[in-house]
Amino acid sequence: MNLFRSTAVVLALTTGLLAMPAQAETVPQNASGDPTYTVEAPPAYSMLGDLIIARPLLIGATLIGAAAFVVSLPFTALGGNVGEAGKALVVDPGREAFVRCLGCSSSSQNQY
């Protein structure tokens, strides 16, 4: 059993050390810090994953949010926060699904 433990420890340490370069931070093309000049250029695999996985899930979240908004509308009207509920349940997922560039991490760069 001692051989198994030592082999497992060596394997875990080796795996951890080999994964360190994958966690290294990349330096952006534009290091000025100005968000106006920072362009997000996602790689092709990110665009493909966004197209196949994220967009259908976000469209589904928009539809489910719209249904939840309609169901909760009487209660939010009594509370006086219809606009906030609509933004959180329908507008935000819809913006991420339809406005965000393909493969980008956020649609905040499109807000002017």
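Start at 1 with the first residue, then count along the sequence. Computed over heavy atoms, backbone and side chain alike; hydrogens, waters and symmetry mates excluded.
Ala88 approaches Pro93 most closely through the heavy-atom pair O-CD, 3.7 Å. For the residue pair Gly103 and Ser46, the shortest heavy atom distance occurs at O-OG, 3.2 Å.
For Leu102, the side-chain contact (heavy atoms from CB on, under 4.5 Å) partners are Met47, Asp50, Leu51, Arg55, not counting sequence neighbours. A search for side-chain contact (heavy atoms from CB on, under 4.5 Å) contacts involving Val70 returns nothing, not counting sequence neighbours. Scored by the side-chain contact (heavy atoms from CB on, under 4.5 Å) test, Pro74 finds no partners at all (sequence neighbours excluded).
Among pairs with a residue in residues 59-84, none fulfils salt bridge (Lys or Arg N to Asp or Glu O under 4.0 Å), at least two apart in sequence or across chains. Each salt bridge (Lys or Arg N to Asp or Glu O under 4.0 Å) pair with one or both residues in residues 57-77, not counting sequence neighbours, would appear here, but there are none. Applying the salt bridge (Lys or Arg N to Asp or Glu O under 4.0 Å) definition to pairs two or more places apart or across chains, none involves residues 64-83. Residue pairs meeting the side chain to side chain donor-acceptor pair (under 3.5 Å) criterion with at least one member in residues 64-78, sequence neighbours excluded, do not occur.
To the nearest 0.5 angstrom, Leu58 atom CG is 9.0 Å from Phe98 atom CZ.
The other members of the hydrophobic cluster of Leu57, by chain and number, are Leu48, Ile52, Ile53 (side-chain heavy atoms under 4.5 Å, ILVMFWY only). Taking Ile, Leu, Val, Met, Phe, Trp and Tyr as hydrophobic and joining them when side-chain heavy atoms fall under 4.5 Å apart, one finds Phe69 in a cluster with Leu73, Val82, Leu89, Val90.
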